[in-house]
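Just so you know, these numbers use all the heavy atoms, side chains as well, and skip hydrogens, waters and symmetry mates. For this chain, numbers begin at 1 and follow the sequence in order.
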Amino acid sequence: QVQLVESGGGLVQPGGSLRLSCVTSGIIFRILAMGWYRQAPGKQRELVAHITTAGSTSYLDSVKGRFTISRHNAKNTVYLQMSSLKPEDTAVYSCNARNTMIDAWGQGTQVTVSS
């Protein structure tokens, strides 16, 4: 059974920074592609950032230059460093792990950017 647990969310002013963490268990971390998604109230879930098993990254256009996804395989952890936060970044951020056999989700962490 694969488990993902997010942490690091909270309240921050516009222009501030947060770092989200997602710790996985139950599988060898290095074989998983990882992503961060977010969902705001009344909105559909959207992919924010993605990192492959080889370390290649991609980002939602609206967060490019502000967010960085990274992974630390020895700690079974993927991170999302967020800077220059905007009110429209407010959402529940969820971690996703995927390969040909697995599509697993954490329960999410709330990020609120005041305006």
Side-chain angles (χ1 to χ4, degrees):
Q1 183 176 355
V2 179
Q3 294 182 320
L4 289 75
V5 180
E6 303 97 336
S7 63
L11 299 173
V12 65
Q13 293 182 330
S17 298
L18 286 173
R19 188 178 75 160
L20 307 183
S21 299
C22 173
V23 180
T24 67
S25 62
I27 192 170
I28 302 298
F29 180 72
R30 64 184 299 174
I31 70 173
L32 297 168
M34 304 296 298
W36 284 99
Y37 290 75
R38 68 186 182 189
Q39 187 168 29
K43 300 281 190 174
Q44 290 189 321
R45 186 177 63 199
E46 61 184 351
L47 177 63
V48 177
H50 181 263
I51 186 165
T52 70
T53 57
S56 298
T57 60
S58 60
Y59 298 92
L60 183 68
D61 283 345
S62 62
V63 310
K64 286 180 179 176
R66 301 189 297 119
F67 291 10
T68 301
I69 188 171
S70 61
R71 63 193 297 158
H72 191 159
N73 288 342
K75 295 187 179 294
N76 299 330
T77 302
V78 64
Y79 304 95
L80 185 67
Q81 178 66 51
M82 305 183 293
S83 62
S84 301
L85 283 162
K86 304 175 180 180
E88 52 263 44
D89 296 319
T90 296
V92 174
Y93 284 71
S94 299
C95 182
N96 171 252
R98 181 176 59 86
N99 65 17
T100 56
M101 299 182 66
I102 293 167
D103 187 6
W105 295 85
Q107 65 181 17
T109 185
Q110 176 72 47
V111 172
T112 302
V113 184
S114 66
S115 60

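- The shortest non-hydrogen separation linking Thr77 to Val23 is OG1-CG2, 3.6 Å.
- Cluster annotation: Tyr37 and Phe67 are assigned to distinct hydrophobic clusters (Ile/Leu/Val/Met/Phe/Trp/Tyr, side-chain heavy-atom contacts under 4.5 Å, transitive).
- A single hydrophobic cluster is seen to contain both Leu18 and Val63, as judged by linkage of ILVMFWY side chains at heavy-atom distances under 4.5 Å, directly or through other members.
- The backbone N or O of Phe29 sits less than 3.5 Å from a side-chain atom of Arg71, completing a donor-acceptor pair.
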Using the rule given for side chain to side chain contact (heavy atoms under 4.5 Å, CB included), can you reason through Met82 versus Arg66, listing the C-alpha separation, both sets of side-chain angles and the distance that settles it, and then say yes or no?
CA-CA 6 Å; Met82 305 183 293; Arg66 301 189 297 119; over 6 Å; no
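- The two residues Val78 and Trp36 come nearest to each other via the heavy atoms O-CZ2, 3.8 Å.
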Under 3.5 Å, which donor-acceptor pairs do the side chains of residues 100-109 form with other protein atoms, sequence neighbours left out?
from   : atom 1 : to    : atom 2 : distance (Å)
Asp103 : OD1    : Asn96 : ND2    : 2.8
Thr109 : OG1    : Gly9  : N      : 3.2

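- At a cut-off of 3.5 Å, with distance as the only test, a side-chain donor of Gln110 or Thr112 sits close to an acceptor on the other residue.
- The CD atom of Gln39 sits 9.5 Å away from the CD atom of Glu46 when rounded to the nearest 0.5 Å.
- Under the 4.5 Å side-chain heavy-atom criterion for Ile, Leu, Val, Met, Phe, Trp and Tyr, Val111 and Val48 are members of the same hydrophobic cluster.
- Here Ile28 contributes atom CD1 and Asn99 contributes atom CG; the two are 11.5 Å apart, rounded to the nearest 0.5 Å.
- Both Met34 and Ile31 sit in one connected hydrophobic cluster of ILVMFWY residues. Membership requires side-chain heavy atoms under 4.5 Å apart, directly or through other members.
- Using a 4.0 Å cut-off between a side-chain N of Lys or Arg and a carboxylate O of Asp or Glu, Asp61 and Lys64 qualify as a salt bridge.
- Neither Tyr79 nor Leu4 shares a network with the other; the hydrophobic side chains, linked directly or stepwise wherever heavy atoms of I, L, V, M, F, W or Y lie under 4.5 Å apart, form separate groups for each.
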Show every donor-acceptor pair shorter than 3.5 Å between a side-chain atom in residues 49-60 and any protein atom, with sequence neighbours excluded, or say none if there are none.
from  : atom 1 : to    : atom 2 : distance (Å)
Thr52 : OG1    : Ala54 : N      : 3.2
Thr52 : OG1    : Gly55 : N      : 3.3
Thr52 : OG1    : Ser56 : N      : 3.1
Tyr59 : OH     : Ile69 : N      : 2.9

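- Sorted by first then second residue, the side-chain hydrogen bond (donor to acceptor under 3.5 Å, both in side chains) pairs that include residues 3-28, not counting sequence neighbours, number zero.
- Minimum interatomic distance between Ser84 and Asp89 (heavy atoms only, all atoms of both residues): O-OD2, 4.4 Å.
- Taking the side chain as every heavy atom from C-beta outward, Pro87 and Ser114 never approach each other to under 4.5 Å.
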